[in-house]
K.L.:
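Got a structure for you, questions after.
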Amino acid sequence: MSSTPQVHPVDEVSAAPKLFALGLQHVLVMYAGAIAVPLIVGRALQLSSTDVAFLISADLFVCGIVTILQSFGATQWFGIRLPVMMGVTFAAVGPMVAIATANPGTEGARQLFGSVMAAGVVAMLIAPLMSRLLRFFPPVVTGTIILVIGISLMRIGINWIFGNPTGPTAPTIVDPAHSRWLSTVDDLSSAPGSAIPMIPPGLRAAPSLPNPLYATLGDLAISAAVLVAIVVVARFGKGFLANVSVLLGIVFGSGIAAAAGKVSFTRVIEADWFALVMPFHFGTPLFDPVMVVTMSLVMIVVMIESTGMFLALGDLTGRPVTRRMLSAGLRTDGLGTLIGGLFNTFPYTSISQNVGLVGVTGVRSRFVCVAGGGILIVLGLVPKMSAMVEALPTSVLGGAGIAMFGMVAATGIRILSGVDFAANRNSLLVVAISLGIGMIPLVAPDFSQWMPAVLHPLIESGILLATFSAVVLNAFLNGTADDPAATRRAAVLSDH
């Protein structure tokens with residue numbers, strides 16, 4: 001009498017209603033982070049509200065595609081075939097914002113997405129080699145990098161609350177009386193026979209008046225309400241509710257902002273219920289060599305982070321990750337990033353919150369994440385959802401940003417907590433110097449003004465500076481011994 005082969009929990013397929021419910025749970029856990037990056041980069045590119053909403057739709061759509069590729073698999077070359085949810089990595093935000101700030105508008109978008117596509121190809125090519133590079137990224141290095149990522153992103157969250165340093169919400173504005181005086185002098189100096197010297201080119205009245213749109217008490221109150229809601233839910237919520245505290249905080253803040261008349265639903269009403277996400281929305285991509293190198297370096301960091309996640313997930317699910325599985329998973333990171341560039345989105349990696357959710361719920365089936373990927377694709381095809389997210393005032397996102405980006409920094413601290421600094425004081429130097437170097441672009445943003453312009457995208461990212469510093473210093477001070485167990489432990493600590 002033949003017995004039925006035992007199905008591994010990773011390969012179990014539940015009934016459709018259960019798959020949908022568990023998949024939706026994974027989507028809700030990652031949703032707040034998924035919408036944050038297109039909002040950040042879209043506004044840094046100074047795109048229109050319609051285009052920012054499109055970025056959100058495209059991101060959700062590609063998140064779904066790449067999640068299915070990673071969890072379900074596609075040939076022996078792609079997909080780790082574990083319960084993995086894929087999303088945009090925050091590690092790429094700093095360099096992408098630097099590229100967007102230096103090259104705003106459609107032209108900058110074409111350069112950004114060209115560099116993302118090229119980085120995806122590079123990642124696919126080097127995926128089999130990554131296991132040999134792991135020894136350069138022990139916990140002291142990855143913890144430092146993630147800490148700097150979190151600190152760098154905090155600036156964005158804080159600006160969401162108070163207002164950006166430049167533009168309509170800058171802290172100070174030009175006194176209208178000064179502008180009128182300067183305009184009058186300009187007219188007089190241009191008159192025939194005038195003895196008044198011409199105004200030198202580039203001379204402008206300096207901002208000197210407090211801007212009534214900066215740090216308004218109403219915006220501060222909304223951000224504070226979001227932050228308080230997140231803390232309350234995290235304190236009193238259990239299990240799944242605690243995992244979606246940030247999302248619930250955003251929903252709560254959105255209700256307050258709508259009641260205060262700070263949300264315009266005009267674009268939401270005008271948006272379609274269904275629209276295809278088309279590739280090359282901003283035109284043919286451009287490939288700037290320095291930007292390509294920048295994003296390729298980011299992908300190396302992303303793949304190191306993914307490696308730790310995959311190893312931890314292998315332990316949680318009882319399916320150890322082989323070198324072949326690891327290569328297929330990392331290759332899918334690259335393929336997902338290439339697809340992201342095609343569809344006007346960003347680099348992709350496994351989401352640590354969802355790895356933690358697998359541990360919390362004990363549900364190890366990869367088909368749950370396949371269902372989650374399907375839900376994300378559907379959400380990406382509904383423009384009204386993206387228009388609603390884009391309509392949120394930045395004060396709502398600011399309160400959530402403090403929590404989200406702070407958790408990234410706290411994750412870096414948790415990883416560093418596993419480093420034995422007492423036994424090896426050199427590791428303190430690695431963290432101390434790399435953290436300081438990573439802060440240079442934040443504290444002295446004009447430090448590169450006398451350096452070659454082609455280097456600016458590389459050196460204006462504190463994340464890349466900290467990565468380079470940590471890798472080099474650790475290799476010099478501590479050597480490069482391979483320790484997969486330490487990488488696995490760091491990945492478990494990074495589940496936030």
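The model shown is predicted, which means the values in this text are computed figures rather than measured ones.
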K.L.:
If every non-hydrogen atom of Ser223 is compared with every non-hydrogen atom of Ser395, which pair is closest and at what distance?
P.N.:
OG-O, 2.6 Å
K.L.:
Under a 3.5 Å distance rule, please check whether Ser417 uses its side chain to pair with a backbone N or O of Arg414 as donor and acceptor.
P.N.:
yes
K.L.:
Do Phe72 and Thr67 make a side-chain contact, defined as non-hydrogen atoms from C-beta onward lying under 4.5 Å apart?
P.N.:
no
K.L.:
Could you check if a side-chain atom of Asp219 sits within less than 4.5 angstrom of a side-chain atom of Pro393, using non-hydrogen atoms only?
P.N.:
no
K.L.:
Going through the checks in order, is the side chain to side chain contact (heavy atoms under 4.5 Å, CB included) test met by Leu330 and Phe310?
P.N.:
CA-CA 9 Å; Leu330 296 178; Phe310 294 152; 4.0 Å; yes
K.L.:
Return yes when atom CZ of Phe367 has more than 12 non-hydrogen atoms of other residues, nucleotides or ligands closer than 6.0 Å, and no otherwise.
P.N.:
yes
K.L.:
Between the side chain of Thr345 and the main-chain N/O of Gly340, is any donor-acceptor distance below 3.5 Å?
P.N.:
yes
K.L.:
Drop me the distance from Leu129's CG to Ser327's OG, to the nearest 0.5 angstrom.
P.N.:
8.5 Å
K.L.:
Can you check whether Val141 reaches Phe136 side chain to side chain, under 4.5 Å on heavy atoms?
P.N.:
no
K.L.:
Kindly say whether Ile99 contributes a backbone atom to a donor-acceptor pair with the side chain of Asn103 at under 3.5 angstrom?
P.N.:
yes
K.L.:
Does the side chain of Met86 reach to within under 4.5 Å of the side chain of Cys63, using non-hydrogen atoms?
P.N.:
no
K.L.:
Taking side chain as C-beta onward, heavy atoms only, is Trp77 less than 4.5 Å from Arg331?
P.N.:
yes
K.L.:
Could you give the distance from CE (Met96) to CG (Leu45), rounded to the nearest 0.5 Å?
P.N.:
9.5 Å
K.L.:
Quick check: are there more than 12 heavy atoms from other residues, nucleotides or ligands sitting under 6.0 Å from OH of Tyr214?
P.N.:
yes
K.L.:
Can you tell me if Ser448 uses its side chain to pair, donor with acceptor, with the backbone of Met451 under 3.5 Å?
P.N.:
no
K.L.:
Let's go through Gln70 and Asp333 carefully: what are the C-alpha distance in whole Å and the side-chain angles of both, what is the deciding distance for side chain to side chain contact (heavy atoms under 4.5 Å, CB included) to 0.1 Å, and is it a yes or a no?
P.N.:
CA-CA 8 Å; Gln70 191 70 276; Asp333 278 6; 3.5 Å; yes
K.L.:
Please assess Ile151 against Leu435 for the test side chain to side chain contact (heavy atoms under 4.5 Å, CB included), listing each intermediate value before the final yes or no.
P.N.:
CA-CA 10 Å; Ile151 294 174; Leu435 182 61; 3.8 Å; yes
K.L.:
I'd like to know whether CZ of Phe421 has more than 12 heavy-atom contacts from other residues, nucleotides or ligands below 6.0 angstrom.
P.N.:
yes
K.L.:
So which heavy atom on Ala275 is nearest to which on Pro383, and how close?
P.N.:
CB-CG, 3.5 Å
K.L.:
Rounded at 0.5 Å granularity, tell me how far CG in Leu381 sits from CG in Leu376.
P.N.:
11.0 Å
K.L.:
Any sub-3.5 Å donor-acceptor pair from Ser71's side-chain atoms to Val84's backbone N or O?
P.N.:
yes
K.L.:
Has Asn344 got a side-chain atom pairing as donor or acceptor with His281's backbone, closer than 3.5 angstrom?
P.N.:
yes
K.L.:
So among Phe343, Phe346, Phe280, which one has a side chain to side chain contact (heavy atoms under 4.5 Å, CB included) with Phe113?
P.N.:
Phe346
K.L.:
Given 3.5 Å as the limit, does a donor-acceptor pair link the side chain of Thr169 with the main chain of Gly163, or not?
P.N.:
no
K.L.:
Drop me the distance from Leu39's CG to Ile56's CD1, to the nearest 0.5 angstrom.
P.N.:
4.0 Å
K.L.:
Please round to the nearest 0.5 Å and tell me the distance separating atom CZ of Arg81 and atom CZ of Arg319.
P.N.:
9.5 Å
K.L.:
Measure the OG-CG distance between Ser427 and Leu477 for me, rounded to the nearest 0.5 Å.
P.N.:
8.5 Å
K.L.:
If I compare all heavy atoms of Leu429 with all of Leu473, which pair ends up nearest, and what's the gap?
P.N.:
O-CD1, 4.4 Å
K.L.:
What verdict does the side chain to side chain contact (heavy atoms under 4.5 Å, CB included) test give for Ile377 and Ile68, after you've listed the backbone C-alpha separation in whole Å, the side-chain angles of each residue and the deciding distance to 0.1 Å?
P.N.:
CA-CA 10 Å; Ile377 290 175; Ile68 293 173; 3.8 Å; yes
K.L.:
State, to 0.1 Å, how close Gln111 and Met291 come at their nearest heavy-atom pair, and which atoms those are.
P.N.:
OE1-CE, 3.3 Å
K.L.:
Hey, is the main chain of Leu465 close enough, under 3.5 Å, to the side chain of Ser469 for a donor-acceptor pair?
P.N.:
no
K.L.:
Between Asn478 and Asn424, is there a side-chain heavy-atom distance shorter than 4.5 Å?
P.N.:
yes
K.L.:
Compare every heavy atom of Val97 with every heavy atom of Ala44, then report the nearest pair and how far apart it is.
P.N.:
CB-CG1, 4.2 Å
K.L.:
Quick one: are Pro171 and Asn211 in side-chain contact, heavy atoms under 4.5 Å?
P.N.:
no
K.L.:
What's the shortest heavy-atom distance between Ile40 and Val93, and which atoms?
P.N.:
CG2-CG1, 4.0 Å
K.L.:
Tell me whether Thr106 contacts the main-chain N or O of Phe282 through its side chain, where contact means a donor paired with an acceptor under 3.5 Å.
P.N.:
no
K.L.:
Does the side chain of Met117 come within less than 4.5 Å of Val121's, by heavy atoms?
P.N.:
no
